[in-house]
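The chain is numbered in sequence order, starting from 1.
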Amino acid sequence: MDGRDWKKFLFPYEQTAEELKIKFKTLRAELKNREEYSPIEFVTGRVKKISSILEKAKKLNVSMDDLETGIEDIAGIRIMCQFVEDIETLRELIHQRKDMTVLYEKDYVANKKESGYRSFHIIIEYPVQTSLGMKKVLAEIQLRTLAMNFWATIEHSLNYKYKESMLPDEVRIRLSRAAEAAYVLDQEMSNIRGEIVEAQKLFEDHSSLVTVVLNCIQMLYFYHRVREAVQFQMRFNEIWEKEDTRALRALKEEIEEAIARAKKGGR
């Protein structure tokens, strides 16, 4: 083993993982703000531990001098989706980006591993700006449904405990069955995708409406329209208890008219 400074070696990878997380979280927020459906549920990221890097290098017969090119997932992020269809949507979005280059892909969704593992892996080259200049770093983006991620997390924990070659047959069989159950769950969710997305949209619309109404009421206080603000607050409380979105929307319009009058100094 060489005597490299691992902290310095891993710094570009840490920066890469953080930047990629921020970029895809920002993409999710942008799609939400446009009132579009976002295929991104949430994003996580990590940099491999030194021990994991050494183990993988040994397994793949990668020399210490070739770590940067021989191990492609030192930096990695995982993007979780609700539906299997979201994976292809995200794949297309990633290919369209100009701030990273897709090198190749591994489709373990259509071609699951023997263990039952399903996920879509994209190996990218990412230009990270360091104090010493630009450095191109290899990173892995994993696209999974929530069900795939739950199963993969459990499998990883068990493999760490037993090591893959020593995983008991009974546990291996149960894991395989669980993987199929997760796959069936994903298929069922896809079958009712339209209903789920519509329900989520209605919830988000209602939540946004509540926020707008409350902010508008506060604006009336700003314009010293205390009596109107109190009256609107009381009406809001009644409507909110009934969860009446239509009445809430009508209330919003009334408050906005009151704010417009307040700005003009009228009544």
Side-chain angles (χ1 to χ4, degrees), residues 1-29 40-81 87 90-91 93-109 113 115 117-144 148-149 151-167:
M1 187 185 302
D2 60 5
R4 76 181 65 208
D5 185 332
W6 282 98
K7 186 174 182 179
K8 289 182 179 179
F9 175 79
L10 292 176
F11 186 80
Y13 294 97
E14 292 168 354
Q15 187 174 338
T16 295
E18 287 302 313
E19 290 185 13
L20 289 174
K21 280 194 299 181
I22 291 171
K23 288 186 174 184
F24 284 101
K25 287 179 180 179
T26 300
L27 175 61
R28 180 182 188 276
I40 300 172
E41 187 67 11
F42 64 91
V43 184
T44 63
R46 61 98 186 101
V47 172
K48 273 186 179 296
K49 295 180 179 179
I50 298 172
S51 59
S52 297
I53 295 173
L54 295 176
E55 287 176 10
K56 190 159 189 176
K58 182 179 180 181
K59 180 179 178 181
L60 299 179
N61 196 28
V62 175
S63 69
M64 291 295 101
D65 292 332
D66 296 328
L67 290 181
E68 294 182 353
T69 55
I71 300 182
E72 302 154 333
D73 63 343
I74 294 177
I77 66 167
R78 288 175 186 153
I79 305 178
M80 263 55 75
C81 314
I87 293 176
L90 263 176
R91 174 186 172 275
L93 288 173
I94 291 170
H95 274 268
Q96 292 169 8
R97 296 188 71 100
K98 303 301 182 184
D99 54 350
M100 59 190 72
T101 302
V102 174
L103 299 181
Y104 70 93
E105 303 167 336
K106 303 174 186 177
D107 187 355
Y108 297 122
V109 176
K113 289 187 177 182
S115 63
Y117 174 87
R118 280 187 169 90
S119 184
F120 196 94
H121 297 188
I122 301 177
I123 305 302
I124 65 167
E125 185 178 69
Y126 181 76
V128 61
Q129 296 294 330
T130 71
S131 60
L132 299 177
M134 189 271 286
K135 179 180 178 64
K136 292 183 178 180
V137 174
L138 297 183
E140 181 181 71
I141 302 175
Q142 295 182 357
L143 310 179
R144 300 174 176 174
M148 291 175 192
N149 188 62
W151 185 91
T153 302
I154 299 301
E155 186 212 26
H156 178 77
S157 299
L158 288 172
N159 280 331
Y160 181 80
K161 176 181 179 181
Y162 291 105
K163 301 301 180 184
E164 191 170 356
S165 60
M166 299 176 60
L167 200 65

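The two residues D73 and R46 have their closest heavy-atom pair at O-NH1, 3.1 Å. Here the closest heavy-atom approach between residue G133 and residue T130 is recorded as O-OG1, 2.7 Å. Scanning both residues, E72 and T69, for their nearest heavy atoms gives CG-O, 4.4 Å. V109 approaches D107 most closely through the heavy-atom pair N-OD1, 2.9 Å. The minimum heavy-atom distance linking S115 with E155 is given by the pair OG-OE2, 3.0 Å. Here the shortest heavy-atom pairing between G76 and A17 reads O-CB, 4.5 Å.
Interatomic distance, CD of Q129 versus OG1 of T16, reported as 10.5 Å (0.5 Å rounding). Distance check: E19 CD to I22 CD1 gives 7.0 Å after rounding to the nearest 0.5 Å. To the nearest 0.5 Å, the span separating CD1 on I122 from CD1 on I94 amounts to 4.0 Å. Atoms CD and CD1, on E55 and I50 in that order, are 12.5 Å from each other to the nearest 0.5 Å. Taken from OH in Y104 to NE2 in H121, the straight-line distance is 10.5 Å, to the nearest 0.5 Å. Atom CD1 in I74 sits 8.5 Å away from atom NZ in K48 (nearest 0.5 Å).
In summary, K21 and E18 engage in a salt bridge, as defined by a charged side-chain N under 4.0 Å from a carboxylate O. Between E68 and K135 a salt bridge is recorded (basic side-chain N to carboxylate O distance below 4.0 Å).
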Step by step, work out the side chain to side chain contact (heavy atoms under 4.5 Å, CB included) result for T44 and M80. CA-CA 8 Å; T44 63; M80 263 55 75; 3.9 Å; yes
Let me see the working for L90 and F120 under side chain to side chain contact (heavy atoms under 4.5 Å, CB included), right down to the final yes or no. CA-CA 10 Å; L90 263 176; F120 196 94; over 6 Å; no
Could you go through M148 and I87, starting from their C-alpha distance and side-chain angles, then the distance that decides it, and tell me whether this counts as side chain to side chain contact (heavy atoms under 4.5 Å, CB included)? CA-CA 12 Å; M148 291 175 192; I87 293 176; 4.2 Å; yes
Please step through side chain to side chain contact (heavy atoms under 4.5 Å, CB included) for the pair I53 and Y13, ending with a clear verdict. CA-CA 12 Å; I53 295 173; Y13 294 97; over 6 Å; no
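Checking side-chain atoms of R28 against main-chain N and O of E41 turns up a donor-acceptor pair under 3.5 Å. Of the possible donor and acceptor atoms, one in the side chain of R4 sits under 3.5 Å from a partner among the backbone N and O of M64.
Within 6.0 Å of NE2 on H95 lie more than 12 heavy atoms contributed by other residues, nucleotides or ligands. Open room surrounds NZ on K136; 12 or fewer heavy atoms of other groups in view lie less than 6.0 Å from it. For N61, the CG atom counts as loosely surrounded, since its 6.0 Å shell holds 12 or fewer non-hydrogen atoms of other residues, nucleotides or ligands.
Note on ring orientation: taking the six-membered ring where Trp is involved, the planes of Y108 and Y117 are perpendicular (angle over 60°, cut-offs 30° and 60°).
Taking the side chain as every heavy atom from C-beta outward, R97 and F24 approach each other to under 4.5 Å. No side-chain heavy atom of V102 sits less than 4.5 Å from a side-chain heavy atom of I141.
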